[in-house]
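Convention: sequence-line order gives letters A, B, ...; per-chain numbering from 1.
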Number of protein chains: 2
Amino acid sequence: MARFAIGVDLGGTNLRVAAIAYDGRLLEKLTLGTEVGRGRDAVIDEMCGAIAGLQLKLGAGLDGIGIGVPGIIDMDRGMLRESPNLPGWDDYPVHTEIERRLGAPVILENDANAAALGETWLGAARGFDHMCMITLGTGVGGGIVLDGKIWHGMNGMAGELGHVTVDADGPRCNCGNQGCLEQYASATAVMRMAREKIGESEALKALASTPRLTARTVYELAKSGDRAAHAIFERVGWALGIGIGSMVNALNLPMYVIGGGVASSWDLFAPAMFEQLQARSFVYDATKPGETTGAGKVTLVTRAQLGSDAGLYGAARLGFGKAEALQPSI
Amino acid sequence: MARFAIGVDLGGTNLRVAAIAYDGRLLEKLTLGTEVGRGRDAVIDEMCGAIAGLQLKLGAGLDGIGIGVPGIIDMDRGMLRESPNLPGWDDYPVHTEIERRLGAPVILENDANAAALGETWLGAARGFDHMCMITLGTGVGGGIVLDGKIWHGMNGMAGELGHVTVDADGPRCNCGNQGCLEQYASATAVMRMAREKIGESEALKALASTPRLTARTVYELAKSGDRAAHAIFERVGWALGIGIGSMVNALNLPMYVIGGGVASSWDLFAPAMFEQLQARSFVYDATKPGETTGAGKVTLVTRAQLGSDAGLYGAARLGFGKAEALQPSI
């Protein structure tokens, strides 16, 4: 009877559930048909059904269930405090309800924090006690791991790296700020910049007027040689270099991992990102790979390795009865 | 024979030495005539002489000596790695030399980190385990305290909050970046902005052409009703709001303390600072004093309480045989 935990990724569209062994092996992964938009109760029903099915199949070794959600967790109560993409879930005791039905401890965590933990456990930051994760998706999320644990801050709101200011006069963000990292490095920002640049490229103009416009199709256009599309990813890299540079100057961590869907455009944005990092962060410049620093400690900025599964793995990690993970950092 | 420690503030101009009791009482404070510019050996001679005098006077209870220096400390070797304002001190084993002469353990620390520790021990952040200090002096320094200890990062370079980007296209900084917090909120920046604005005010123009131009005289002019001078401090507050807002979003700490000479202009820059903080940091907005947050945990941004002595107290605190303080955080 091998120990395993369940990781759940309650994304903006689909619900994904995975059973992960204590050594990190993926035992089973399910993508459920339920659209999250169908509402809380339908999602919880199907989630519980799927997990019960996995319990039946894998035996009685379930340690716990971790659920990654796009929103802010009230760490004191273990509930969702705010989640614009999950209407009806705020202030609802999800964990209590699922614990009641399945008889296993349930932990809620912000999805980017879960991804940070996943990459630290089994991905690009394996072996690092301290790291910073930036997820480039519909929005830009972040998670900071210090001493092997997610740094939640006093209200569970730490790690909102998508809303670090890059350019004080930049585009307005829903968060209230202007020129947040999210306004340049999210899939949404890539699409906005594509629309802004239709005057510069016929191909971009043709694409921007169709429902095919996504960060991915803009990437493909850039790869095919379209200069205007290429410039968009240079802007993504520019903003990442500035935002990560600020974090490097503030925290001097050894590892920054970039994940999320837009991270697959790494080849196009990375050169501009490293150029800005080196020019703008003297801490990065003094500690970049190749520099002779004390005890060979360098600052690494790299791609995530677990792709869209990072959050599933991290959520499962939390499920392994890590009671301390329930506590806020402060 | 009461326990005491020595705190030394090796500033850009004067050398200050204080003897502090274990309970935080100031026993003695000396400002030495030696100009730091006279060179390393003269400074070390006078520092050792002064400390030996204090030992004679106060008895044999000296636990240790902490020295705050404007520069980056190599935490592995306990030496100054880089200090533009202290030529000749780089890579010189200051601590070994002083330990040899005085027979007490010596700890070097970055001056802003020492100030952070001082404010946490005895000042505005007393009772807080986690805080962030920003010192507005000739430059802008910073120190982050997590779990009661200075967060050094992997190379002792953490806390460089003066070089967090506020505005990507802002004024160039010596660090290589543009639009760093330091370019708006340091005494040097206040003087630069005064020179930039001479076309807007006759009084500012008259002041800017004299050696009397300092951040303090610009402050006095602003207080006397000069609009252009006043706008300079609004700009200081604007930049602080953006920079601190980014840190609030990233770290969600309970306490941010602003010290250093320019902090005495608090009444002029604070309104703009809080306006920006509230507008730009949704984490601050959700946790500001008066908001009902979980367990009453709010984000405080406040003035330092120990004035220019913060670094002296913090250095002395390090002198109290805190061996762990010698270790880098990572």
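Looking at heavy atoms from C-beta onward, His152(A) lies out of side-chain contact with Asn252(B) at the 4.5 angstrom threshold. Side chains of Asn249(A) and Leu161(B) form no contact here, defined as non-hydrogen atoms less than 4.5 Å apart. A heavy-atom distance below 4.5 Å is found between the side chains of Leu146(A) and Leu146(B). Side-chain contact between Leu253(A) and Met154(B): absent, with no pair of heavy atoms (C-beta onward) separated by less than 4.5 Å.
When heavy atoms are compared at a cutoff of 4.5 Å, Gln278(A) does not approach chain B at all. Ser281(B) does not touch chain A: none of its heavy atoms, backbone or side chain, sits under 4.5 Å away. Residue Ile72(B) touches chain A through its side chain alone, counting heavy-atom pairs closer than 4.5 Å.
Most heavy-atom pairs under 4.5 Å with chain A, from the set Val283(B), Asp129(B), Asp169(B): that is Val283(B). The residue among Cys175(A), Ala158(A), Gly142(A) with the most heavy atom pairs within less than 4.5 Å of chain B is Ala158(A). For chain B, the option among Thr299(A), Val164(A), Asp167(A) with the highest count of heavy-atom pairs below 4.5 Å is Asp167(A). Between chain B and the options Gln276(A), Gln178(A), Met247(A), heavy-atom pairs under 4.5 Å are most frequent for Gln178(A).
Applying a 4.5 Å heavy-atom cutoff, the residues of residues 231-240 of chain A that approach chain B are Trp238(A).
With sequence neighbours excluded, the residues satisfying salt bridge (Lys or Arg N to Asp or Glu O under 4.0 Å) with Arg77(A) are Asp74(A), Asp91(A).
Using a distance-only test at 3.5 Å, with no hydrogens or angles considered, no donor-acceptor pair links the side chain of Asn177(B) to the main chain of Ala279(A). Between the side chain of Arg280(B) and the backbone N or O of Ala168(A) there is at least one donor-acceptor pair closer than 3.5 Å.
How far CH2 of Trp151(B) is from NE2 of His130(A): 4.5 Å, rounded to the nearest 0.5 Å. Rounding to the nearest 0.5 Å gives a distance of 5.0 Å between CE of Met157(B) and CZ of Phe282(A). Here the NE2-OG distance, from His163(A) to Ser246(B), works out to 11.0 Å after rounding to the nearest 0.5 Å.
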